[in-house]
Amino acid sequence: MGKEIDKIFDSFGQNNIFKDKVVLQSNHIPSEIPHRTEQIKQTASILAPVLRGERPSNLFLYGKTGTGKTLSMQYVRDELLKRTDGNPNFKLRIEYLNCKLKKVADTEYRILAELIKKMGGEVPTTGLPTQEVYSRFIDIIDKEKQLILLILDEIDQTVKKISSDFLYNLTRLNSELSKTQICVVGISNNLTFLDDLDPRVRSSLSEEEVVFPPYNAIQLQEILKQRADLAFKEGVIEDGVISKCSAFAAREHGDARRALDLLRVAGELAERDHSKQISLKHIDEANNKIEKDKILDVITSEPKQFQFVLNSIISLSEKKNITPLFTGDIYNYYRDLCLKNHMEVLTQRRVGDIVQEFDMLGIINVRVISKGRGGRMREIKLAINKDIIEKAKEITQKFLDHY
DNA sequence: CGAGATTCATGTGAAGTATACCTTTAGGCTTAA
DNA sequence: AAGCCTAAAGGTATACTTCACATGAATCTCGTA
């Protein structure tokens, strides 16, 4: 036993793939951001007034996932902080918040609570009127004279739960603040997000806009090469690996984050194989692994009723092998499942909403169809491959066996 | 035969309810002077 | 009398339920050719 472990750790120690893995991790901010100079310049010049202690225009960034929005914004943020750090004349705070985080920042209340926490305050998870949380937020911000830059990432994800009044209020907070000034930077993946917004909100939230176009395959290759040189030891990358990575990512609307993840995971897999090189095979494996991990992660963190519903969908589609499932079938199966396990049964209304949420998560595909006299219903298909379905079923099954 | 009415099974929005938790307040008890 | 604890009152966000109306195309109806 001891020898086995020694073997594992020893071979891990003599890492022959990575030189510096950090540069491939998604939170890493490189010193150079290729092909985004124009966007960074724009952002910087819009936000530059903060350096004189003036409030800049509210700003809105949009582009698809992995086009460097967050990265560029964080780069600009760091530069701004570098220049204001230690300046006694005014204080600059830049707070970044990702609104997509389920159960953390996906409602008005929770976003405010999260912001307060970041500013060093405390707020209970429930029980307070939102208005009260709002005014606490104002209090805590307005305690001392400062300039606040609020970066709300992926606000489009929450637009259904957040009234546009909230966004409007945020952008107009300044009138309620005496010492502090605030500026809102919104980041959105959805290019049509602004169109669905109340015109008042739109005009005040996006006084300025910066668009991030997707990278093309050539640009992706350059990005990958640059980072790979830093991350990997010499010669560990087999020919064609980089171009395959970028091809994969280009297929996904030029998602650079995806490409980098691919490369990193492929490296990890190669390391685990004790290979001397990262081969094309590793890229394929990495592609599966990433997809799988991402989905399984989401499923695992879902509450039990959601797991029951998902389990019903999986079991039903396996058992009957009818690929398009319909709402009614699923609900019946789900209800039996609950009864068998002595669980409370949710209403069909609610289950319908849960199914819709799974659709949003990309685990299933849902389409409302009308079968004429046969009624109207959702047509449901699993959107994940066999391999993942197996695992997903295990997860949800585990949940089930507890009862 | 074809236009319009009907129908089915669920979609969907709004309003209501249950739960878990928060603050405030008033009373009761303890304590120290 | 001041200070502290407790419990009740009054209030909220969130997840879920209830109620009522909306949908959209296959099917039916019925007047017409």
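Note that this is a predicted model, so its numbers are computed, not measured. In what follows, chains are A, B, ... by sequence order, proteins preceding strands, each numbered from 1.
- Across all strands, A:Gly328 comes closer than 4.0 Å only to sugar-phosphate atoms, never to a base (heavy-atom distances).
- Side-chain N/O atoms of A:Arg349 and base N/O atoms of B:dG13 include a donor-acceptor pair closer than 3.5 Å.
- Contact annotation: side chain of A:Arg350 to base of C:dT17, donor-acceptor pair absent below 3.5 Å.
- Between A:Glu114 and A:Lys118 there is no salt bridge, since no side-chain N of the basic residue sits under 4.0 Å from a carboxylate O of the acidic one.
- Of the charged side-chain nitrogens involved, none lies within less than 4.0 Å of a carboxylate oxygen, so that A:Arg136 and A:Asp139 do not count as a salt-bridged pair.
- Counting any heavy atom pair closer than 4.0 Å across all strands shown, A:Gln348 reaches sugar-phosphate atoms only and no base atom.
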Distances under 3.5 Å only, N/O to N/O: pair up the protein atoms with those of nucleotides 16-21 of chain B.
none

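- Atom CD of A:Glu302 is separated from atom P of C:dA15 by 12 Å (rounded to the nearest Å).
- Scored by the ring-ring contact (aromatic ring centres under 6.0 Å, His included) test, A:Tyr62 finds A:Phe60 as partners (sequence neighbours excluded).
- One can place CD1 of A:Ile369 at 17 Å from C1' of B:dT12, the figure rounded to the nearest angstrom.
- Out of C:dT12, B:dG11, C:dC16, the shortest distance to the side chain of A:Leu346 is found at C:dC16.
- The distance between atom NZ of A:Lys371 and atom C1' of B:dG11, rounded to the nearest whole Å, is 16 Å.
- Among the nucleotides C:dA15, C:dA26, B:dT12, the one closest to any side-chain atom of A:Arg378 is B:dT12.
- As a whole-Å value, the separation of A:Glu108 CD from C:dT12 C1' is 13 Å.
- Look at A:Glu394 and A:Lys398 and you find no salt bridge, because none of the NZ, NE, NH1 or NH2 atoms lies under 4.0 Å from a carboxylate O.
- For A:Arg110, taking side-chain heavy atoms from C-beta onward, the closest of the listed nucleotides C:dA13, C:dG24, C:dA15 is C:dA15.
- Using a 4.0 Å heavy-atom criterion, one finds that A:Val345 contacts the sugar-phosphate atoms exclusively.
- Between B:dA9 and A:Thr327, no contact under 4.0 Å exists linking OP1 or OP2 to a side-chain N or O.
- Protein atom CD of A:Glu122 is 11 Å distant from nucleotide atom P of B:dC22, rounded to whole Å.
- Across the protein-nucleic acid pair, A:Leu325 atom CG and B:dT10 atom P stand 13 Å apart, rounded to whole Å.
- For A:Ser370 and C:dA26, the shortest distance from a side-chain N or O to OP1 or OP2 is not below 4.0 Å.
- Nucleic acid contact for A:Gln356: sugar-phosphate only, since backbone atoms but no base atoms lie under 4.0 Å from a heavy atom of the residue.
- Ion pairing between a basic and an acidic side chain is recognised when a charged N comes within 4.0 Å of a carboxylate O; A:Lys82 and A:Glu79 show such pairing.
- Between A:Glu379 atom CD and B:dT10 atom C1' there is a gap of 14 Å when expressed in whole angstrom units.
- Side-chain contact, A:Tyr334 with A:Gln305: a donor N or O sits under 3.5 Å from an acceptor N or O.
- In terms of position along DNA chain B, the nucleotide closest to A:Arg373 lies nearer the 5' end than the nucleotide closest to the other residue of the pair A:Arg373 and A:Met377.
- In this structure, the CZ atom of A:Arg136 is 11 Å from the P atom of B:dC22, given to the nearest Å.
- Looking at A:Lys69 and A:Asn189, their side chains come closer than 4.5 Å, going by heavy atoms from C-beta outward.
- The pair A:Glu268-A:Lys289 does not meet the salt-bridge criterion, since no charged nitrogen lies less than 4.0 angstrom from a carboxylate oxygen.
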